[in-house]
Amino acid sequence: MIKTSQERDIDFLVIGAGPAGVQLGYFLKRAGYDHLILEANDRPGTFLEKYPRHGKLLSINKIHTGYTDRASQLRYDWNSLLCDDDEMAFTKYSKEYFPSTEDYARYTRDFAERFDLDIQFNTRVESVEKAIDGEEGHLVRDSHGTTYHVRCLIVAVGVQKPYIPEIPGIELTENYMEMSLDPEDYAGQRVLILGKGNSAFETADHLTAATRVTHLCSPSPIKMAWQTHFFGHLRAVNNSFLDTYILKGQNSVLDATVDSIQKVDGEYHVEITFAHAEGQRALLAYDRVLCCTGFRWDPTFFADDCRPEMGCEDRLPAMTSSWESTNLPGVFYAGTITQIRDLKKTMSSVLHGFRFNTASLFNVIAEQFMDAPWPADTFAATAENIADKITAQVSSAAGLMHQPGFLGDCLVVDDESGQAKYHENLAVDYIQDSAFASNPHYYIITMEYGEFEGDIFNKQRVPDAAKGYDDAYLHPRIRRMCRGRLIAEHHISESLENDWRVGEHPGERPLIRAIDFIGQADPTDYQRTHRNQLLCFLNAQLAVGSPSLAEMPDDSSCPSMSSPSPAIPAATHSAGTSCPTSRNG
């Protein structure tokens, strides 16, 4: 029973029991920290019971991967929450490659019950205020009259409100959140859909067989997720509508600004200005106008003198590299709203990305509020040991793969003791903003895409393992750092199966039997070719050790990692001439 009109001191309070809140609750429960999750509804994961509206997730559910270890399986299981119980894998809930929202809502409920998470249901947060008299933390008041004095507040409430563009007459439209899903309601009608994201195309695909004509409209051209690597852009599962447009099936995709919407004689007159036609204007008439322009975060439960700073056209809260509010110390964010940190670049907007953000966030707040050191694997700092660890991580860690260039591992070398500490799953910009960047000898390990130019399906490659920095596909990138500055960099050439471990492969029998590289003697030993290149780079860096400040290169030759995409001088790449690919390791 919920007690009313009481006060409670608590270390960690989480608002929201969606996937992010449940995931964080798991980590807090496992650590034994004083915490509570407040959920407005009577069960977790209610947002997923309704969205996407047409009942299918966009995240893949690949059961047969060939891998038996859970870490590697998670690279292709995009729906499971992180835990130490392999039975709580979502792959046991559905065999569908794109599973149903109903199955995922059921999985979330079972996850919370399986781990007996500390969730107080039917409790809505009414206000968040600053603590009085300069005390640490915040005061949170709920719908039952309880006041919580909170040291650390984590907001895991997703984007619950629709984003409504400022268009005269927009109030005449039907919003994605409430519109009818019955195609018969649109039979024979002319329908305009505002937006070109997944919700817009999901809706268009659903209605194509019923409407007389369907148009999609927004000022910007379509962006395909397979080209941008951002999963908020159009996914292939939703793009069959494009065939009906290009092949003249009475449907169209308009790059245009909507200037106004008016209702005239029972139909909607929409004035538009085309984006790529020298200002050409048109007046089009429709029977329905549907608004599928996305969602926004609602901060109104924060008191007026405690409002978080916003970004992204006031659609998302602004936050630091540790997912902390930029103006409210002690307020952190989890879940899809963390996408503002890597906006339209990687996968923080969706579960398979933000589950790893949440794991990293837990370590951030445990260190800050509980003095818990960041977890590390410690070993002798030899090139062989480091190469083994890096290779294992880039071949199995799902966080590196799902958050390319955004999440990374950090390996710190103590040149005096000869020991290395390997820390997993940190935000790369957090590494550079934190005490990690004060180390004179450390490495940041990521997986990243290279540059795609021209036709993405017609990419010319040079099969030279010493030139991994030219690879366009996802591949490992190891940066040698000193006190926040880039010293050298090595790229491991891309792999057809994203696995660089010598002698290992997915499944009982290998798929790849041989693949040759320039300068390689034995094409069946291709994995050792990658390893030899990495060993060459590591031996050179370990031999240099920690340079003194006087030996540090100047800014012109050693760009700061804080820049979005630092240009790497050619000399910093590992050179094939000094690392023969045919050498046995």
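Residue numbers count from 1 along this sequence. Side-chain atoms are counted along with the backbone in the values below, which use heavy atoms only and exclude waters and symmetry mates.
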For a quick test of reading the model, state the closest non-hydrogen atom pair linking Ile431 to Cys410 and the distance between them. CD1-CB, 3.9 Å
Do Arg70 and Ser80 get their side chains close enough for a donor-acceptor pair, meaning under 3.5 Å? yes
Do NZ/NE/NH1/NH2 and the carboxylate oxygens of Asp103 and Arg106 come within less than 4.0 Å? yes
Does the pair Ser325 and Glu309 meet the rule for a side-chain hydrogen bond (donor to acceptor under 3.5 Å, both in side chains), with working shown? CA-CA 7 Å; Ser325 169; Glu309 291 180 347; over 6 Å; no
Gap between atom CD1 of Ile515 and atom CZ of Arg513 - 0.5 Å precision: 14.0 Å
May I ask you to test the Thr228-Lys344 pair for a side-chain heavy-atom distance under 4.5 Å? no
Would Trp78 and Asn61 count as a side chain to side chain contact (heavy atoms under 4.5 Å, CB included) if you check the C-alpha gap in whole Å, the side-chain angles of each, and the deciding distance to 0.1 Å? CA-CA 6 Å; Trp78 290 6; Asn61 179 49; over 6 Å; no
Is there a donor-acceptor contact under 3.5 Å linking the side chains of Thr378 and Gln419? no
Can you name the nearest heavy-atom pair linking Ser395 to Ser72, along with the distance? O-OG, 4.2 Å
Aromatic contact, His475 with Tyr449 (centres under 6.0 Å): no
Side-chain donor-acceptor pair under 3.5 Å between Thr529 and Gln520, yes or no? yes
Asn425 versus Ser360, side-chain donor and acceptor atoms under 3.5 Å: no
Would you confirm whether the ring centroid of Phe354 sits within less than 6.0 angstrom of the ring centroid of His352? no
Using the side chain to side chain contact (heavy atoms under 4.5 Å, CB included) rule, take Leu400 and Val394 through it: C-alpha gap first, then chi angles, then the decisive distance, then the call. CA-CA 7 Å; Leu400 293 179; Val394 299; 4.3 Å; yes
Verify salt bridge (Lys or Arg N to Asp or Glu O under 4.0 Å) between Arg480 and Glu489, making sure each step is shown before the conclusion. CA-CA 6 Å; Arg480 163 67 199 283; Glu489 180 167 345; over 6 Å; no
Given Phe27, which partner from the list Phe362, Phe12, Phe115 fulfils the ring pair (Phe, Tyr, Trp, His ring centres under 6.0 Å) test? Phe362
Any carboxylate oxygen within less than 4.0 angstrom of a Lys/Arg side-chain nitrogen, looking at Asp77 and Lys62? no
Is the closest side-chain heavy-atom distance between Ile337 and Pro317 below 4.5 Å? yes
Grab the two heavy atoms, one from Leu361 and one from Trp323, that are nearest each other, plus how far apart they are. N-CZ3, 3.7 Å
Can you list everything that forms a side chain to side chain donor-acceptor pair (under 3.5 Å) with Ser59? Sequence neighbours excluded, please. Asn79
Exercise: do Glu448 and Thr446 side chains pair donor with acceptor under 3.5 Å: yes
Ring centroid separation for Phe90 and Tyr104, is it under 6.0 angstrom? yes
Take Lys223 and Leu234 through the side chain to side chain contact (heavy atoms under 4.5 Å, CB included) test and state the conclusion after the steps. CA-CA 6 Å; Lys223 293 183 179 179; Leu234 181 59; over 6 Å; no
Any chance you could measure Tyr430, atom OH, to Arg341, atom CZ, to the nearest 0.5 Å? 12.5 Å
Quick one: closest heavy-atom pair of Phe369 and Arg151, and the distance? O-NH2, 3.1 Å
Least distance between heavy atoms, Val22 atom then Pro44 atom: CG2-CB, 4.1 Å
Asn458: partners by side chain to side chain donor-acceptor pair (under 3.5 Å), with sequence neighbours left out: none
Would a 4.5 Å heavy-atom cut-off, applied to side chains only, mark Asn363 and Pro375 as touching? yes
Between the side chains of Gln533 and Ser493, does any donor sit under 3.5 Å from an acceptor? no
Please determine whether side chain to side chain contact (heavy atoms under 4.5 Å, CB included) holds for the pair Met88 and Tyr26, giving the CA-CA distance in whole Å, both sets of side-chain angles, and the decisive distance to 0.1 Å. CA-CA 12 Å; Met88 283 309 302; Tyr26 167 79; over 6 Å; no
Give a yes-or-no answer on whether the side chains of Asp414 and Tyr442 include a donor-acceptor pair shorter than 3.5 Å. no
For residues 323-334, which residue pairs qualify under salt bridge (charged side-chain N to carboxylate O under 4.0 Å, His left out), counting only residues two or more places apart or in two chains? none
Under a 4.5 Å cut-off applied to non-hydrogen side-chain atoms, are Phe436 and Val412 in contact? yes
Can the ring centres of His490 and Tyr469 be said to be less than 6.0 Å apart? no
Does a donor on one side chain sit under 3.5 Å from an acceptor on the other, for Gln23 and Arg355? no
Taking all heavy atoms of Ser396 and all of Ala392, pick out the closest pair and write down the distance. OG-O, 2.7 Å
Kindly confirm or rule out a cation-pi arrangement of Lys389 over Tyr422, judged by NZ or CZ under 6.0 Å from the six-membered ring centre and within 45° of its axis? yes
Between the side chains of Arg461 and Asp470, is the shortest nitrogen-to-carboxylate-oxygen separation below 4.0 Å, so that they form an ion pair? no
Between Asn498 and Ser495, is a side-chain hydrogen bond (donor to acceptor under 3.5 Å, both in side chains) present by the stated rule, with each step listed? CA-CA 5 Å; Asn498 299 309; Ser495 163; 5.7 Å; no
Give the intermediate values and the outcome of salt bridge (Lys or Arg N to Asp or Glu O under 4.0 Å) for residues Arg528 and Asp525. CA-CA 6 Å; Arg528 198 171 300 278; Asp525 206 22; 3.5 Å; yes
Within the 4.5 Å heavy-atom criterion, are Tyr526 and Asp516 side-chain neighbours or not? no
Pairwise distance CZ(Arg531) to OG1(Thr391) - rounded to 0.5 angstrom: 6.0 Å
Tell me whether Lys421 is salt-bridged to Asp377, with the criterion being a basic N under 4.0 Å from an acidic carboxylate O. no
Phe47 vs Pro19 side-chain heavy atoms within contact, under 4.5 Å: no
Hey, could you give me the CZ/CG distance between Arg30 and Leu117, rounded to the nearest 0.5 Å? 12.0 Å
